[in-house]
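Since this is a predicted model, take the numbers as computed values, not measurements.
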Amino acid sequence: MPQIIEITDFESPELDVFARLTEVQLRNRKDPQKGIFIAESAEVIRLALEEGYEPLSVLIEKKRLYGPEQKIIERIGDIPVYTADEILLTKLTGYKLVRGMLCAMRRPVLPCVEEICKNARRIAVLENIADSTNVGAIIRSAAALNIDAVLVTPSCCDPLCRRAVRVSMGTVFQIPWTHIGDDASGWPHEGIERLRNLGFKTAAMALSDDSVSIDDPDLMAEDRLAVIFGTEGTGLCQETIAECDYTVRIPMYHNVDSLNVAASSAVAFWQLRVK
């Protein structure tokens, strides 16, 4: 049975994971086996549990202990469940809890690129996308539109940061993903060569005079395709674009030059899906 613990001391070290550790500290690059991430809301936590993620502790508004969240609490085993009123939890964390529940969970050991791409035909590569909302939204679209896997470059936002997990609506637990390139030197040249060795053609989503339309017949007919998206504002690195087999644009109207990267990913995933 879970241990229900009412919060009386904000400085308790057991609450550091929710209140005082940064995303970088939670991630624990020096010792990935001890890495933690935060899942927010009962539905997201439920999906994580169903996919086998290990819960470590919970923070929940007192009024939700016996609401729909009770089913989640009943299945998490003998772990601490810290609780207080909404105002106190907002003061503790520094933000209002979405649907009043957080769960600290053990980070998984990520598979290698070759493992998750072995049988894939359509994959997304996220290059240096720093905005957690965009990363979460792209992963949600990838899951919804049947992309087989997502790869993130070394400077990309962590898909398991709290906001990215929440925006993805928990689909980050369902779609295979991993890092490509252990450090900045591993992308783009080595990473794109790695994808080519796995049989993928690469498509850079970028505005360019020599780009092809997203509905180009040859592009759509590729058996294995890696679609690469860049960060807001600057887009993909020129070196990445030069390395790719295709440079791809989405036709625009009314003098609009481009879409937000999350919106463009949804368009690309739909158009380039395997039919």
Side-chain angles (χ1 to χ4, degrees), residues 23-24 26-37 39 47-54 105-130 132 134-136 138-161 164-165 168 170-205 222-231 236-237 239-240 243-246 265 268-269 272-274:
E23 292 281 1
V24 172
L26 289 172
R27 190 172 177 179
N28 201 340
R29 288 177 181 268
K30 292 183 178 179
D31 190 353
Q33 298 294 330
K34 296 181 180 178
I36 294 170
F37 71 94
L47 287 172
L49 293 173
E50 288 181 354
E51 294 299 324
Y53 285 74
E54 178 190 354
M105 296 188 137
R106 181 81 63 200
R107 279 181 171 269
V109 176
L110 294 175
C112 67
V113 171
E114 286 72 16
E115 181 179 343
I116 70 170
C117 291
K118 181 172 58 176
N119 297 315
R121 296 186 61 190
R122 294 290 184 268
I123 63 174
V125 182
L126 312 188
E127 179 186 272
N128 305 339
I129 298 178
S132 56
N134 283 332
V135 169
I138 292 169
I139 289 174
R140 185 177 181 184
S141 293
L145 299 172
N146 205 30
I147 295 300
D148 298 308
V150 174
L151 306 179
V152 298
T153 66
S155 297
C156 189
C157 169
D158 174 24
L160 286 180
C161 79
V165 171
S168 82
T171 55
V172 69
F173 308 130
Q174 298 172 313
I175 189 167
W177 71 272
T178 195
H179 299 106
I180 184 165
D182 295 329
D183 52 42
S185 65
W187 181 267
H189 178 71
E190 291 181 11
I192 290 176
E193 187 64 26
R194 197 172 176 184
L195 293 175
R196 286 208 178 100
N197 290 337
L198 290 169
F200 286 94
K201 290 296 182 68
T202 51
M205 297 296 298
E222 292 290 357
D223 184 55
R224 309 188 84 188
L225 188 66
V227 189
I228 306 174
F229 300 90
T231 190
L236 288 171
C237 298
E239 185 181 358
T240 302
E243 292 264 3
C244 285
D245 300 297
Y246 295 91
S265 72
F269 295 157
L272 300 174
R273 70 195 188 280
V274 176

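- In this structure, the side chains of D223 and K201 stay at 4.5 Å or more apart for every pair of heavy atoms.
- The side-chain heavy atoms of L272 and V227, taken from C-beta on, include a pair separated by under 4.5 Å.
- No hydrogens or angles considered: nothing links the side chains of H189 and E239 as a donor-acceptor pair under 3.5 Å.
- Across every non-hydrogen atom of A204 and L236, the tightest pair is CB-CD1, 3.5 Å.
- In this structure, Q174 and E51 have side chains that are in contact, with non-hydrogen atoms separated by less than 4.5 Å.
- Here CZ of R273 is found 8.5 Å from CG of L145. Values are rounded to the nearest 0.5 Å.
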(message) Using the rule given for ring-ring contact (aromatic ring centres under 6.0 Å, His included), can you reason through H179 versus W177, listing the C-alpha separation, both sets of side-chain angles and the distance that settles it, and then say yes or no?
(response) CA-CA 7 Å; H179 299 106; W177 71 272; 5.6 Å; yes

(request) Step by step, work out the side chain to side chain contact (heavy atoms under 4.5 Å, CB included) result for S132 and V135. (result) CA-CA 5 Å; S132 56; V135 169; 5.6 Å; no

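- Contact record, G170 with L47: CA-CD1, 3.9 Å, taken as the closest heavy-atom pair.
- L195 pairs with exactly one of L225, I180, D245 by the side-chain contact (heavy atoms from CB on, under 4.5 Å) rule, that one being I180.
- For the atom pair CZ (R196) and SG (C244), the distance works out to 7.0 Å, reported to the nearest 0.5 Å.
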(message) Determine whether V125 and M205 satisfy the following criterion, side chain to side chain contact (heavy atoms under 4.5 Å, CB included), listing intermediate values before the conclusion.
(response) CA-CA 10 Å; V125 182; M205 297 296 298; over 6 Å; no

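- For the ring pair (Phe, Tyr, Trp, His ring centres under 6.0 Å) test, residues two or more places apart in sequence or in another chain that qualify with F37 are Y53, F173.
- With R224 contributing its side chain and L198 its backbone, the two residues share a donor-acceptor pair below 3.5 Å.
- The main-chain N or O of A226 is never found under 3.5 Å from a side-chain atom of T202 such that the two would form a donor-acceptor pair.
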(request) Run the numbers on T178 and L151 for side chain to side chain contact (heavy atoms under 4.5 Å, CB included), then give the verdict. (result) CA-CA 5 Å; T178 195; L151 306 179; 3.7 Å; yes

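- Going from atom CD1 of I36 over to atom CZ of R107 covers 9.5 Å, rounded to the nearest 0.5 Å.
- A salt bridge does not link D148 to K118: none of the charged side-chain nitrogens sits closer than 4.0 Å to a carboxylate oxygen.
- A pairwise comparison of heavy atoms in M105 and A48 identifies SD-CB, 3.5 Å as the closest pair.
- Contact annotation: the side chain of I192 approaches that of W187 to within less than 4.5 Å [non-hydrogen atoms, C-beta and beyond].
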(request) Take I138 and F269 through the test side chain to side chain contact (heavy atoms under 4.5 Å, CB included) and record every step on the way to the result. (result) CA-CA 10 Å; I138 292 169; F269 295 157; 4.1 Å; yes

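- Side chain of N128 to backbone of T231: no donor-acceptor contact under 3.5 angstrom is found.
- If you take CD on E243 and CD on E193, they are separated by 8.0 Å, rounding to the nearest 0.5 Å.
- Remark: R27 CZ to L160 CG distance equals 8.5 Å, nearest 0.5 Å.
- Judged by distance alone, with hydrogens and angles left aside, the side-chain atoms of R122 form no donor-acceptor pair with the main-chain N or O of I147 at under 3.5 Å.
- The shortest side-chain heavy-atom distance between P159 and V172 falls under the 4.5 Å cut-off.
- Smallest separation of non-hydrogen atoms from A268 and F229: CB-CZ, 4.0 Å.
- Between E127 and T240, the side chains place a donor N or O and an acceptor N or O closer than 3.5 Å (distance only, hydrogens not considered).
- Checking side-chain atoms of S168 against main-chain N and O of I139 turns up no donor-acceptor pair under 3.5 Å.
- A salt bridge does not link E222 to R121: none of the charged nitrogens lies less than 4.0 Å from a carboxylate oxygen.
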